[in-house]
Every structure is written in C-alpha cells, then in structure tokens.
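Structure record follows, encoded as structure tokens.
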Amino acid sequence: MTNSEKPQSRCVIVGGGPAGMMLGFLLARAGVDVVVLEKHADFFRDFRGDTVHPSTLELMYELGMLDQFLQLPHQEVHKMAGVFNGCPATLADFSHLPTHCKFIAFMPQWDFLNFLSRQAQQFATFRLRMEHEVVDLMFAGERVAGVRVKTPEGENEIRADLIVGCDGRDSTVRDLAGFRVREFGVAIDVLWMRISKRGQDPGQTLGFFRHGRLLVLLDRGDYWQCGYVIPKGGFGAIQASGLKSFQTELVSMADFLRDRVNDLDDWSRIKLLTVQINRLEKWCRDGLLCIGDAAHAMSPAGGVGINLAIQDAVATANLLAEKLRRGPVSTVDLDEVRQRREWPTRIIQSVQTFIHRRVVTGRQSSDSTKLPLVPRLMRDFPVLQRIPARFIGLGPRPEHVQSPKV
C-alpha cells in the first residue's frame, strides 16, 4: 500500500540516536522545519552505550538544560579507574577539566534520548516519527530529494531539501547514497550480557584487565551490563569450550560475580557485538550528509562514540542551521562539516586502534600479578592522569553551541 500523502520538510534526519536527536533538537531550536525518522518503536537497546562525557554535559549547560538533565537517574564517575591483574589503579582524573561537570555521567542511553525528545517537542518545527524505516532515497536528477519510508500504515514518501544520515554503523542511507567506506582492521569483538547486581558490589570502574583480557561492567541499577572483550572471530572457540568454562573465565576476572554467573544459563543470553572502526571518504553529496556512526564507526574503547556523534551534530547545526532556515544548502556547505569533524575523528580512531593492538590484545608481562607500566606510571605520577582525562572527557576539538535560538 502506498500512501498518497507526501509531507514536506526542510530537513529529514534518518535515525533517532544521539547524533540524530541532538541535531533535530538544535535545528528545531534554530527555527528549521525538521523531521526525525526512527525505525524502532522506542529507544530501548541493550547495545547502546551509557557514558555521557564532560564535553556533552558542557553542551547541556550551554543549552540551559543541565539541571534538568542531571535530575535523571545516573551515576557520576569523577575518576576513571580499573583493576589490572587484581591491582586497582586510577587512569584519568576529571577534576581538573575546564568544564562545569568534572565527571562522566553513566546514564542509560534510552533515558538520554527520551530527554532530548521531550526537550525538542517544545519547538513547533520539530517532529519525531517512530516506526518509520527508510527503505530508499528519492532523486531529482543527481540531487537527493527525499526518502521512501515503511511505516505501520504502509509506505510513504517524504521530500526534503536535506537528508541527514544518522542511522549508525550499518547505515542504510550511506549504502543507498553509494558512499565508499574505508575499513580499519580491529582485533577484537565484544560479548554483551546481563548479570544481576547486589548491594555489596563495587562501584563503577573502567573495567577488569587480566592477562590481556578485559571485562567491562556498566551499572544499570539492578543489573550489570557486561562487555567481555575477545579476539576477533573468537566466539566460536569460546562456545566450543562450553558455558561452564566461560562462566569460570568471568569469575577469574571479577570474583564478586561468582554467586551469580549462573544467570548466564544459555548462550542465547550472550550476544556478539562485532566491533568496527571505519570512516567515509566522502560524507556528503548534493542533498545528503552523513554524520555520527554513519560517517565513522568507532570502537567501544573510551566510550567516546556517543559523544563524538553529538559533537558532529553540534558542528552540523553551527555550520548549517542558519543557511537551512533560508533554503537549500550546497555541497560546499555540507562538506564544511567533514572538514570540521574529520580531524578529531582520525585522532580518536588512531588512539583506539593503538589501544586494541597494544593494551587489550598486546603482549603481557610474564608476572601475572604485576601492575602494567602505564597504570603504574599513573599511580606514581598522578598529574599524568590529566592527559587521558582531557582526551576522554573533552576530546580533540570540542564543539560549543553557536547555532541560533529562534
């Protein structure tokens, strides 16, 4: 069934993730007519990251929303610590950052996205359409002129002056636009699972490192969202060794889980998250732009992916909002976003690749109880903790809100 209604909009954003919702909010705030299309019925996903970094919290302050935002349930981490071969060590101290919030907020991403949605609804030019899946692009000559969407009521067409692909690392928009993706080899994958939480459990940490292995635990109130880093393509061998062997492996990383690893009583409770690092060679064509994971997939290292996507959204609004309010934008205008954001993306991806090869999967000390060199230096010279704090908390070239409010 094809719906004859063909709504018009200045801008259509495909994907209601961090980049899409932040860009939709900022464009509507600037008086741009914008529609955000999200293919799911809600924002609830276990695979979404939870870290809201000081750079994003500073944007909330600049937008006058910080106090409301911090009323949402969250945990504040002022120092990023890890447990290395059983030895705790602090790697990053955020207390010296030049921001209003000197901490990372751990918050379920669905709460963050619902918050942005509520804030955006105050603007008459904002529309959010759930269960709207883009299945094709529409063209006027060589220019992208709109999208075809599948909805519960049938198929529809939405025409717009600009389509922005914010639909993640498996972007439909990117593929339909014919963009080439440059892949960078990643040596790891992640097993994703839930384990129940008890009152005596330790607080939020960076993770548990042992013999080149890494277990990350995200505090989600009544349970831990667990990420276990494995060699790329190694899930089959783990399954072949048996579920009991895997449970024992987790206990060897974090002993306090001993009394509840039986929560993982079937392999169906353990999901494989394939880690990618890639980047588009071109981010735009006439009538279309990709940002966030659609333009550059990041690994989970440092939890920077959400925040980098939000930085992309802020830069896009800064560069394009005023022009979009007046009319269509050119490819020269669109490419300014890539020119602004590609350099920080390259830097972060290079550091993530280094971490994968040298820290997580690299050669380990023969002394299994020894604190590795880098955490040992951070412990002995605490001033060094400011370096990773700056890189993780703010990142290279942090953005500030410059788009207008109409």
Side-chain angles (χ1 to χ4, degrees), residues 14-15 17-20 39 45 47-49 51 134-137 144 163-192 212-214 216 227-238 271-285 288-313 315-316 331 334-335 337-362 391-392 395-397:
V14 182
K39 69 179 181 180
R45 308 286 175 278
F47 289 109
R48 294 197 187 276
T51 55
V134 170
V135 295
D136 205 357
L137 298 178
V144 178
I163 308 300
V164 184
C166 302
D167 49 341
R169 61 186 57 218
D170 298 315
S171 171
T172 298
V173 169
R174 177 188 66 198
D175 294 342
L176 291 171
F179 289 156
R180 292 181 57 185
V181 182
R182 183 181 178 188
E183 296 285 348
F184 301 92
V186 181
I188 65 168
D189 286 328
V190 177
L191 299 182
W192 207 239
R213 298 169 293 155
L214 170 60
V216 176
Y228 183 60
V229 177
I230 64 172
K232 175 70 73 175
F235 189 31
I238 291 173
K271 307 299 183 184
L272 175 65
L273 176 62
T274 302
V275 177
Q276 305 172 37
I277 296 180
N278 60 44
R279 187 169 65 242
L280 290 183
E281 296 178 357
K282 290 174 52 180
W283 294 24
C284 70
R285 57 178 294 173
L288 185 143
L289 171 70
C290 286
I291 63 172
D293 274 2
H296 47 72
M298 316 300 287
S299 97
V304 298
I306 302 169
N307 303 276
L308 189 67
I310 290 171
Q311 298 286 311
D312 282 3
T316 302
T331 53
L334 296 177
D335 195 51
V337 176
R338 178 195 60 80
Q339 294 176 40
R340 174 73 186 175
R341 297 304 306 162
E342 187 174 43
W343 177 77
T345 299
R346 286 174 178 266
I347 295 297
I348 293 173
Q349 288 182 331
S350 297
V351 171
Q352 288 187 329
T353 301
F354 174 84
I355 291 172
H356 294 160
R357 293 177 179 172
R358 301 296 179 88
V359 179
V360 177
T361 60
F391 186 83
I392 294 171
R397 190 178 284 167

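Note that the structure is predicted; figures quoted are calculated from it, not measured.
Asp312 contributes no side-chain N or O that, together with a main-chain N or O of Ala19, makes up a donor-acceptor pair within less than 3.5 Å. In terms of modelled atom types and a separation under 3.5 Å, the side chain of Arg285 and the main chain of Ala177 share a donor-acceptor contact. Within the 3.5 Å criterion, the main-chain N or O of Ser299 finds a donor-acceptor partner in the side chain of Gln352. Using modelled atom types, one side-chain atom of Asp189 and one backbone atom of Val275 make a donor-acceptor pair closer than 3.5 Å. Remark: side-chain polar atoms of Arg169 are paired, donor with acceptor, to backbone N or O of Met298 under 3.5 angstrom. Listed for the Arg397 side chain is a donor-acceptor partner under 3.5 Å among the backbone atoms of Arg340. Between the side chain of Asp167 and the backbone N or O of Gly15, no donor-acceptor pair lies under 3.5 Å.
A distance of 9.5 Å separates CD1 in Ile392 from OG1 in Thr51, rounded to the nearest 0.5 Å. How far OG1 of Thr316 is from CG of Leu289: 5.5 Å, rounded to the nearest 0.5 Å. Here the straight-line distance linking atom CD1 of Ile291 with atom NE2 of His296 works out to 8.0 Å at 0.5 Å rounding. Atoms CD1 and CG, from Ile163 and Leu176 in turn, are 11.5 Å apart once rounded to the nearest 0.5 Å. The distance from atom CZ of Arg279 to atom CD of Gln349, rounded to the nearest 0.5 Å, is 5.0 Å.
Using a 4.5 Å heavy-atom cutoff, the side chains of Asp335 and Trp283 are not in contact. Side-chain contact between Leu137 and Leu288 is present, with at least one heavy-atom pair separated by less than 4.5 Å. Proximity of Ile238 to Ile230: side-chain heavy atoms (C-beta onward) are separated by under 4.5 Å at one or more points. Residues Thr274 and Lys232 meet the side-chain proximity criterion, which asks for heavy atoms closer than 4.5 Å. Side-chain contact between Cys290 and Leu280 is present, with at least one heavy-atom pair separated by less than 4.5 Å. Under the 4.5 Å side-chain criterion, counting only non-hydrogen atoms from C-beta, Ser171 is not in contact with Asp293. Proximity of Ile347 to Phe391: side-chain heavy atoms (C-beta onward) are separated by under 4.5 Å at one or more points. A 4.5 Å side-chain heavy-atom check between Leu191 and Leu272 finds at least one atom pair inside the cut-off.
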Query raised in the report: Does the pair Thr172 and Lys39 meet the rule for a side chain to side chain contact (heavy atoms under 4.5 Å, CB included), with working shown?
Result: CA-CA 11 Å; Thr172 298; Lys39 69 179 181 180; 5.7 Å; no
